[in-house]
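Report on the following structure.
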Amino acid sequence: MIDIRNLHKSFGSVEVLKGVNLQIAKGEIVAIIGPSGSGKSTILRCMNLLEKPNDGEIIIDGQDITQKTIDIKKVRENTGMVFQHFNLFPHKTVLENMIYAPMKVKKLDKKVAIEKARNLLQRVGLSDKENEYPSKLSGGQKQRVAIARALCMEPEVMLFDEPTSALDPEMVKEVLAVIKGLADTNITMALVTHEMGFAREVADRICFVENGIIEEDATPEIFFTEPKSQRAKEFLAKVL
Ligand code: ADP
Ligand code: MG
């Protein structure tokens, strides 16, 4: 589903991604971990063209999205992204947040969009909140709405960038439970996270990013018990 080859990205004269290679099969869940500033967010942001790669290929669902002729809107439709901060529209209710893009971008009929939104709200356990404004929700609830909103577009791929980092500890679990629920739906996921226990439990593979490259790519079992590189060992010693 995703095939990233030799991805390079610089900001000014600073090269942040130095040849990232990453393949993710359909339905696979890959956790991207690594120190702060190593390039994890930049990898995700290149995957839906929030950043423009300088070099390399990013093939998603058979299409090289780095080609000039690509329709960025279509790419983003197919690639849902959930950020640390929830980015809900503050002046729209939960339901309005959810139906906006499906109606505007996918030209979905309002009734159909609402029905879909309600199904997804049920899935994230927030059926009773459809008429609330984001300011009335807890951080965990907002993030669950953000996930449901992304799913309304029926993306093939979901990208999560530290979806629980801004949450109080008691809300982390409810959001992780929703993400875990998605794991059974055959959606393809790349998840940047500091939740090592969760990564180990849910991910099919762990990609350890260090200094702009994927330093290690292994099953959780292998990565957490016998990391190969010294960098990964040091990182794990700090976070575990
Ligand atoms: P991570 O998500 O692993 O913490 P990032 O991908 O956010 O790392 O950032 C990698 C490096 O790129 C950092 O040194 C960061 O300061 C730099 N960087 C990220 N985005 C920008 C930007 N828009 N302009 C300049 N530098 C950036
Ligand atoms: Mg980041």
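Every number for a ligand or one of its atoms is a count from 1 in the order of the listing.
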For residues 202-223, which residue pairs qualify under ring-ring contact (aromatic ring centres under 6.0 Å, His included), counting only residues two or more places apart or in two chains?
-> Phe208-Phe223, Phe208-Phe235

Hey, are Arg5 and Asn21 close enough side-chain-wise for a donor-acceptor pair under 3.5 Å?
-> no

Heavy-atom distances under 4.0 Å are what count here, so tell me which part of Val16 touches ligand 1: side chain, backbone, both or neither.
-> side chain

Counting only heavy atoms not in Lys106, do more than 12 fall under 6.0 Å of its NZ?
-> yes

Show every donor-acceptor pair shorter than 3.5 Å between a side-chain atom in residues 51-61 and any protein atom, with sequence neighbours excluded, or say none if there are none.
residue : atom : partner : partner atom : Å
Glu51   : OE2  : Arg45   : NE           : 3.2
Glu51   : OE2  : Arg45   : NH2          : 3.2
Asn54   : OD1  : Ser10   : N            : 2.6

Could you list the atoms of ligand 1 found under 4.0 angstrom from a heavy atom of Thr42?
-> 5 (P), 6 (O), 9 (O)

Co-membership, hydrophobic cluster, residues Phe160 and Val124, 4.5 Å side-chain = yes

State the atoms of ligand 1, each with its element, that fall below the 4.0 Å cut-off from a heavy-atom position in Pro35.
-> 3 (O)

Closest approach of Pro155 and Ile187, non-hydrogen atoms and distance?
-> O-CD1, 3.5 Å

Closest non-hydrogen protein atom to atom 13 (C) of ligand 1, residue and atom name please, with distance?
-> Gly37 O, 3.9 Å

Does any N or O atom in Phe11 lie less than 3.5 angstrom from one in ligand 1, N or O only?
-> no

With a 3.5 Å cut-off and no angle check, do the side chains of Ser41 and Asp161 form a donor-acceptor pair?
-> yes

Decide yes or no for Arg118 and Ile114: does some side-chain heavy atom of the first lie under 4.5 Å from some side-chain heavy atom of the second?
-> yes

Lys/Arg-Asp/Glu bridge criterion (N-O < 4.0 Å) met for Lys180, Glu201 | yes

Specify the protein heavy atom at minimum distance from atom 7 (O) of ligand 1: its residue, its atom name, and the distance to 0.1 Å.
-> Ser41 CB, 3.6 Å

When you measure from atom 8 (O) of ligand 1 to every protein heavy atom, which one gives the shortest distance, and what is it?
-> Gly39 N, 3.3 Å

Mind counting the protein N, O or S atoms sitting less than 2.8 Å from the Mg ion (ligand 2)?
-> 1

Who passes side chain to side chain contact (heavy atoms under 4.5 Å, CB included) against Tyr100, sequence neighbours left out?
-> Phe89, Lys92, Lys104

Ignoring angles and geometry beyond distance, decide whether Glu51 reaches within less than 3.5 Å of ligand 1 through its nitrogen or oxygen atoms.
-> no

Heavy atoms of other groups near Lys26 NZ, more than 12 under 6.0 Å | yes

4.0 Å protein heavy-atom contact status of atom 15 (C) of ligand 1, strictly under | no

Give a yes/no on ligand 1: does Gly34 have at least one heavy atom closer than 4.0 angstrom to it?
-> no

